Amino acid sequence: MELSNSFQGHEFSGFGLPLNDDFSGKSLDFDIGSRVEICATSENRAGIVRWIGYLGTTGQRLTVGIEMDQHFPGGTDGMLNGRRYFSCPLGKGHFVDAALCLPCIMRSPPLPPPVSSVDWQYPFSVPPSSPNSMLSKSSLRKTFGNKECNAVIGTVPPVSSDDVIKICGKFKGIQGHHNSCYLDATLFCMFTFTSVFDSLIYRPQEAEDIRQYNEVQRVLREDIVNPLRTNLFVRADRVMKLRTLLENLGDVSGLTSEEKDPEEFLNCLLSQVLKVEPLLKLSSGQDAYFYQLFVEKEEGLILPTVQHLFERSFLTSGIKLKEVPSCLIVQMPRFGKSYKMYEFVMPSLLLDVTDIIEDSPRQCIVCGKLARVECIECMGQCGTGLESTAFCEPCIKTVHTHRTRANHKIKQLSVPSDFVMVQEHCQLPRLYMELFAVVCIATSHYVAFSKCGNGPDAPWCFFDSMADRKGEQHGYNIPEMQPCPELGQWLREEWDHSVLNSPVGRESVPELVKRLFSDAYLCLYQSTDVMMYR
């Protein structure tokens with residue numbers, strides 16, 4: 001959007017608030033997105049602040065553009081004298097002297113809605129390329145704290161540290177703001193310590209991509225991912241750029257202000273805006289970005305593992321994956337923010353996907369040779385898990401001679417012809433994916449556990465984008481990373497799960513470990529072999 005001459009040379013504070021020399025020493029009790037009342041009318045009218053600045057017609061008087069709650073005579077759609085300052089329904093736009101506006105302190109301030117896709121503009125009325133889009137340091141300190149956060153250009157590798165204590169602390173990670181925890185926790189998991197999603201920030205724009213593809217990618221890379229990997233901190237205003245872009249360009253409303261789920265954010269970012277190829281290709285012909293576990297509850301199961309639930313879910317659905325994905329996002333068997341099928345679920349450090357990959361060579365559970373058939377009804381009778389359903393021809397005949405198995409139905413397995421030729425000289429491989437992060441939820445608040453590097457012995461950390469807060473309504477959130485030195489041990493080693501049955505026994509489990517088991521929402525797995533080629 002073209003800036004008026006009256007804006008030139010002004011400094012901007014807050015979210016695009018222009019200040020001249022006369023006003024730089026003063027402050028407003030509201031900002032873009034605040035709810036205000038106009039006190040100059042016989043009946044108080046209220047609305048949401050959409051723009052703050054100086055109009056050429058008012059000289060040096062600070063003016064506020066408001067989207068009113070109700071239509072009123074003379075109302076606009078955010079345009080005045082042929083110039084657009086913001087967008088809103090026709091009849092609700094109103095421009096008024098800032099001195100006549102009082103904040104409505106009893107109601108939480110929503111953020112700007114998406115503008116028209118036909119007349120798409122960058123949020124907060126200031127284009128990102130304009131030098132006037134720089135925010136004043138005093139306003140940033142008031143709104144987000146003293147921590148600097150500059151854009152970082154170039155290619156920055158993921159963070160890797162054996163000493164997790166050194167990289168943890170206050171003002172670490174992504175700063176939360178206006179119900180952003182769903183997005184903060186997900187982005188932290190996706191980019192801090194792994195490169196599995198780096199194609200999102202480096203893939204060149206193609207003909208079928210949206211016009212704003214490069215801008216979304218630049219904001220994600222230079223304002224969020226690179227600063228996170230360089231300084232382990234991303235300020236909330238940087239994330240707000242991405243949130244507003246996604247709300248304007250995608251079909252998910254409320255991304256800038258409302259509580260959302262990680263899968264809503266992922267669908268918007270991956271499918272609608274960046275048009276990423278689906279991570280999962282299913283034998284049913286469908287594609288997906290994450291996999292929801294659907295299982296029947298097994299009574300008496302205290303602490304099911306993700307491996308157990310994963311296999312049960314695929315067994316029930318009757319489908320398989322066509323190939324090993326570079327990344328697998330598994331959604332736990334819980335519905336909404338309150339109902340959980342199991343009180344505790346243990347994320348599996350390694351997820352064995354061998355038996356759910358279509359056409360993958362499998363090993364006979366009895367003799368260890370190349371399996372040729374599958375019998376789902378034999379599951380658990382000659383071993384555990386889905387691997388106990390694979391047999392070679394001689395062994396399946398022997399197993400099915402038992403009267404209880406005589407009527408079992410078998411299914412022929414498809415084996416790659418190349419592997420059949422060399423099977424006598426090759427060890428049958430098993431395919432594993434490595435857990436690298438877990439997004440958790442409790443009482444509508446999302447947090448994350450992330451492994452700080454590759455390999456089974458890499459340390460873990462806990463991240464909360466709103467761990468603490470400075471000030472009240474007009475304060476800011478303080479993100480924090482905490483080391484979890486015991487987490488890997490609890491995930492690797494055998495221990496008595498029955499301690500979770502009693503309050504006294506649960507006290508023996510470290511608080512963060514217990515929180516992981518109780519609140520796991522998304523488990524993120526990666527294949528280090530596959531991600532090298534995608």
Side-chain angles (χ1 to χ4, degrees), residues 108-111 144-145 168-192 224 228 232-240 242-243 246-247 252-269 290 329-345 347 437-450 460-484 487 506 509-524:
S108 58
L111 286 159
F144 302 112
C168 289
K170 299 277 189 180
F171 280 104
K172 294 288 188 178
I174 303 173
Q175 184 181 34
H177 184 65
H178 279 303
N179 296 318
S180 67
C181 61
Y182 70 94
L183 183 143
D184 305 328
T186 307
L187 286 175
F188 185 87
C189 292
M190 292 171 66
F191 293 106
T192 310
I224 298 176
L228 179 62
L232 272 174
F233 176 72
V234 181
R235 203 171 53 211
D237 61 310
R238 299 287 181 178
V239 181
M240 184 59 77
L242 178 65
R243 295 172 68 185
L246 295 181
E247 179 156 327
V252 183
S253 62
L255 286 172
T256 57
S257 58
E258 299 174 7
E259 293 179 356
K260 295 293 177 183
D261 295 325
E263 57 269 31
E264 293 179 280
F265 159 63
L266 289 172
N267 273 325
C268 182
L269 176 68
F290 45 86
I329 304 175
V330 183
Q331 189 171 356
M332 297 300 99
R334 53 186 302 163
F335 307 98
K337 297 178 174 62
S338 55
Y339 174 75
K340 297 186 295 184
M341 180 172 288
Y342 292 100
E343 187 173 2
F344 301 102
V345 173
V438 180
V439 177
C440 295
I441 182 176
T443 59
S444 300
H445 182 61
Y446 289 96
V447 296
F449 290 85
S450 187
W460 285 78
C461 73
F462 170 76
F463 166 67
D464 186 349
S465 66
M466 303 178 180
D468 201 354
R469 185 168 179 83
K470 178 75 173 179
E472 298 300 328
Q473 182 179 357
H474 299 292
Y476 53 85
N477 293 307
I478 300 175
E480 182 179 11
M481 290 171 55
Q482 296 181 42
C484 301
L487 182 56
R506 293 176 188 179
V509 182
E511 194 60 37
L512 286 179
V513 175
K514 191 162 46 183
R515 187 168 186 178
L516 174 68
F517 293 164
S518 174
D519 300 338
Y521 186 80
L522 295 178
C523 289
L524 285 72

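All values derive from a computational prediction rather than experimental measurement.
- A donor-acceptor pair under 3.5 Å links the side-chain atoms of Arg243 to the main chain of Leu255, judged by distance alone.
- Atom CE of Met190 is separated from atom CD1 of Ile224 by 10.5 Å, given to the nearest 0.5 angstrom.
- When side chains are defined from C-beta on, Glu511 does not count as touching Val513, because their heavy atoms never get closer than 4.5 Å.
- Atom CZ of residue Phe233 and atom CE of residue Met481 lie 12.5 Å apart, to the nearest 0.5 angstrom.
- Side-chain contact between Leu512 and Leu487 is absent, with no heavy atoms from C-beta onward closer than 4.5 Å.
- In this pair, Phe463 and Phe188 present their aromatic rings parallel. The plane angle is below 30°, not in the 30 to 60° band.
- Between Pro479 and Gln175 there is a side-chain heavy-atom pair separated by less than 4.5 Å.
- The residues Glu247 and Lys260 are annotated as not salt-bridged, no charged nitrogen and carboxylate oxygen being separated by less than 4.0 angstrom.
- Rounding to the nearest 0.5 Å places CG of Asp464 at 14.0 Å from OH of Tyr446.
- Side chains of Leu522 and Ile441 form no contact here, defined as non-hydrogen atoms less than 4.5 Å apart.
- Remark: Lys170 NZ is packed, more than 12 non-hydrogen atoms of other residues, nucleotides or ligands lying under 6.0 Å away.
- Each of Lys340, Glu263, Arg334 was evaluated against Tyr521; a single residue qualifies, Glu263, per the side-chain hydrogen bond (donor to acceptor under 3.5 Å, both in side chains) test.
- Between atom CG of residue Leu187 and atom CG of residue Leu266 there is a gap of 8.5 Å, rounded to the nearest 0.5 Å.
- The closest side-chain heavy-atom distance from Ser180 to Met466 is below 4.5 Å.
- In this structure, the separation between CD1 on Ile174 and CG on Asn477 is 13.0 Å, given to the nearest 0.5 Å.
- Between Tyr342 and Met332 there is no side-chain heavy-atom pair separated by less than 4.5 Å.
- Atoms CZ and CE, from Arg235 and Met240 in turn, are 13.0 Å apart once rounded to the nearest 0.5 Å.
- Using a 4.5 Å heavy-atom threshold, the side chains of Val252 and Asn267 count as separate.
- Proximity of Cys440 to Arg515: side-chain heavy atoms (C-beta onward) are nowhere separated by under 4.5 Å.
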